[in-house]
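The model shown is predicted, which means the values in this text are computed figures rather than measured ones. We name chains A, B, ... by the order of the sequence lines, and we start the count at 1 in each one.
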Amino acid sequence: MLEVRGLSVRVGQRTLFSEVDLDVRLGETVALFGPNGSGKTSLLKTILGLPGFQVVSGSILFKGREITALAAHERAALGMGLAFQHPVTVRGVRLGDLLDTIIEKHGTGASAKDIARLAGLEDFLDRDLNLGFSGGEAKRSELLQLLAQDPCFVMFDEPDSGVDLGSISLVGEIINTLLQKDMRRAERRKAGMIITHAGHILDHVNADRAYVMMDGGILCSGNPLDLLEDIRTRGYKGCMQCAR
Amino acid sequence: MRTLKHEKKAAGALKKPAALGPDIDIGSYGRDAPVHKNIENMDELQPATLERARAVGIEGSDTCRSGSFFQSDHTVMLARSMHEGLELMDIEEAMDTHDWLDDYIWKAVRVDADKYTAEAALRPDHGYFIRALAGARVEMPLQACLYMSGEGLAQNVHNIIIAEEGSELHIITGCTTADGMRGGLHIGVSEFYIKRGARLTFTMIHNWAPDMAVRPRSVAIVEEDGLFLSTYVCMNPVRTLQLYPTAFCTGPGATVRFGSVLVAQEGTSMDVGSKAVLEAPGAKAEIVSRAITRGGEITVRGHLVGQSPGVKGHLECRGLILSDKGTINAVPLLDGKAPEIELSHEAAVGKIAEEELNYLTARGLSPEEATSAIVTGFLDIDMPELPEGLAKEMKKAVRLGDSSAL
């Protein structure tokens with residue numbers, strides 16, 4: 001579904017990462033590990049086409065189509081979605097109104113009230129977007145907007161950070177819904193990529209593969225639980241040694 | 001409104017410029033107004049007139065209104081109340097009907113405040129008198145339209161609104177010009193009296209012409225436990241607009257809320273303030289304004305005066321600059337003159353944050369749709385006491401106003 005080839009990106013004069021190669025296949029969930037500042041969030045935002053990330057070289061193919069030159073809303077229309085790590089507050093725009101707009105725009109036919117109930121946010125529809133939301137509420141609001149959008153390729157940027165342990169299972173449930181985890185892999189029409197720092201979310205969402213991103217590029221890939229175990233025991237320094 | 005005792009004072013102020021806003025040469029505007037026929041119902045208005053009136057919240061049918069007033073230029077064409085306990089008439093007729101009205105004329109607004117009040121006193125062109133009798137609950141809104149069609153004309157109206165003790169009254173006033181009219185001068189004096197325990201909501205929508213000069217002069221006196229909720233919307237071109245409505249909360253527990261929604265196109269100059277003077281214990285005030293410049297100049301003022309212990313007031317000015325040419329000045333002012341008062345303000349002026357736009361485009365909204373959603377949300381001020389129907393009408397007017405502004 002997603003093929004990233006030789007992607008090098010900079011912001012201003014600063015190179016964020018170089019020569020990134022990455023694949024996410026239909027039905028698959030891929031985890032992305034890496035220390036703070038390694039460029040994971042920037043990679044996701046570049047894949048979605050948000051402004052400010054200058055592609056110096058390389059390409060992004062989505063469902064076989066070259067999308068590197070498309071704007072974010074055009075990529076969203078093709079079926080890409082992103083749950084932000086730090087959602088911004090948009091005063092005056094009510095969550096319910098935005099959900100209605102998203103549902104209408106993407107023709108998903110979802111019911112704002114029903115999906116809000118699923119995310120435990122039925123009392124938040126009249127609230128300004130993310131204004132005064134707790135960390136967990138903001139994360140669920142992100143997932144709720146993705147439920148309205150129903151993208152086929154879903155990116156999650158640290159969905160477990162700032163979420164209390166009690167809420168992580170709900171976050172995991174919604175991610176599983178978004179990725180059609182109740183279906184056999186061959187039947188799914190979705191794929192996903194999850195950035196996780198501590199890996200808590202992987203207790204609730206099974207990932208098929210993982211990449212480690214650090215030192216300005218993709219360092220390695222492999223089984224997510226094995227990689228996570230290595231990172232937990234030896235730290236990212238160990239990854240560097242391993243790469244050498 | 002002309003009464004002998006006020007004439008002398010007014011004459012002395014005829015050359016007195018206003019404290020704010022560019023000075024206007026009143027003599028350059030005409031006094032010979034076209035005369036219009038009286039009507040029995042709003043649906044007798046010419047379709048083009050009705051269309052303009054609709055844009056400022058005026059309905060062509062009376063079914064969802066408790067009364068209708070329509071003045072075109074210097075002619076009161078319609079003044080009809082449809083609710084028991086509600087008086088609605090031409091102010092001239094009201095002066096003949098109620099001897100006691102002398103006690104209300106130029107009591108809240110000073111006749112010699114400036115040359116515009118003086119002009120309205122010496123050369124009055126009607127206006128409306130609205131009164132909810134004691135205990136009357138008029139839940140359906142009353143509509144009043146001040147319309148101008150004579151090119152280069154001056155229209156000086158004087159309005160008196162009285163909500164007697166324990167009454168409830170909702171007014172929507174729309175002020176507009178005929179399609180194709182370029183300019184004129186509108187002076188509107190409005191004096192509001194909200195008696196003990198009365199609730200008055202006043203929603204005013206302006207839709208003027210690009211060369212209009214507009215000088216409303218409004219003061220409200222709110223007695224014990226009274227509520228005055230004033231919402232003002234002006235989103236279309238006007239050359240110069242200056243107003244600074246003031247409410248005096250004279251009784252304990254009196255509450256006032258001012259809301260303003262302003263959009264200035266290039267060539268428009270707006271100086272819009274709201275002031276609340278909290279004179280009695282427990283009085284409360286809130287002033288909220290949203291200003292957008294699309295190339296014009298806006299000065300938004302807010303002034304809270306706390307004169308009695310235990311009063312509370314909050315002031316919120318937010319401005320959005322959507323053009324390289326536009327300017328917004330926010331001038332919040334708090335005057336604390338008594339112990340144990342709570343007065344606060346927040347003011348912010350800027351452009352749309354890029355990260356907000358990016359966030360919405362990530363959901364699939366185009367940059368234009370994202371901008372529109374943010375602007376619509378920005379202009380959406382909450383007025384909790386406004387009846388639901390009226391609040392919807394106001395929001396609709398704001399949406400229409402902004403799309404036509406675009």
Side-chain angles (χ1 to χ4, degrees), chain A residues 44-53 70-108 126-131 138 141-151 154-155 157, chain B residues 233 235 259-263 288-292 316-322 346-384 386 388 391-392 394-396 398-399 401-403:
Chain A
L44 261 52
K45 288 183 173 175
T46 304
I47 291 172
L48 187 63
L50 289 174
F53 300 94
L70 295 186
H73 69 283
E74 293 168 320
R75 300 188 200 196
L78 290 177
M80 275 192 179
L82 169 65
F84 286 81
Q85 183 187 5
H86 300 296
V88 298
T89 296
V90 189
R91 275 174 181 267
V93 175
R94 293 193 171 93
L95 176 60
D97 290 342
L98 179 63
L99 291 178
D100 290 341
T101 304
I102 294 171
I103 289 166
E104 190 188 338
K105 191 142 202 72
H106 296 278
T108 53
D126 283 333
R127 298 258 303 259
D128 284 3
L129 202 50
N130 302 324
L131 181 65
S141 158
E142 288 299 290
L143 300 178
L144 172 56
Q145 292 170 54
L146 290 177
L147 285 169
Q149 186 186 344
D150 197 22
V154 204
M155 297 178 278
D157 192 351
Chain B
V233 178
M235 306 175 69
S260 309
V261 176
L262 309 167
V263 178
V288 176
S289 61
R290 298 282 184 271
I292 290 183
E316 182 187 311
C317 298
R318 292 180 58 207
L320 205 51
I321 298 174
L322 297 183
E346 52 181 312
V349 175
K351 60 175 189 171
I352 294 180
E354 204 168 322
E355 57 179 11
E356 292 181 21
L357 280 178
N358 291 344
Y359 184 72
L360 296 181
T361 57
R363 302 288 179 242
L365 279 69
S366 69
E368 295 74 24
E369 290 167 332
T371 302
S372 171
I374 291 169
V375 168
T376 303
F378 177 84
L379 294 174
D380 185 9
I381 56 170
D382 261 343
M383 282 282 155
L386 210 59
E388 195 181 337
K392 276 186 185 162
M394 194 196 81
K395 285 175 197 292
K396 189 176 155 199
V398 168
R399 276 198 303 274
D402 196 49
S403 59

task = Below 4.5 Å from any heavy atom of chain A, which atoms of Leu360(B) appear? Answer side chain, backbone, both or neither.
result = side chain
Which atoms of Asn358(B) approach chain A - backbone, side chain, both or neither, heavy atom under 4.5 Å = both
Less than 4.5 Å apart, any side-chain heavy atom of [X] and any of [Y]?
| X | Y | result |
| --- | --- | --- |
| Thr376(B) | Asp97(A) | no |
| Arg91(A) | Arg318(B) | yes |
| Leu44(A) | Leu48(A) | no |
| Leu129(A) | Val88(A) | no |

key: CG-CD1 distance between Asp150(A) and Ile102(A), expressed to the nearest 0.5 angstrom   = 12.0 Å
Which portion of [X] sits near chain B, non-hydrogen atoms under 4.5 angstrom:
| X | answer |
| --- | --- |
| Arg94(A) | side chain |
| Glu142(A) | both |
| Pro151(A) | neither |
| Leu146(A) | side chain |
| Thr101(A) | side chain |

inquiry  = Looking only at side-chain N and O atoms, does Glu368(B) offer a donor or acceptor that is under 3.5 Å from a partner on Ser372(B)?
reply    = no
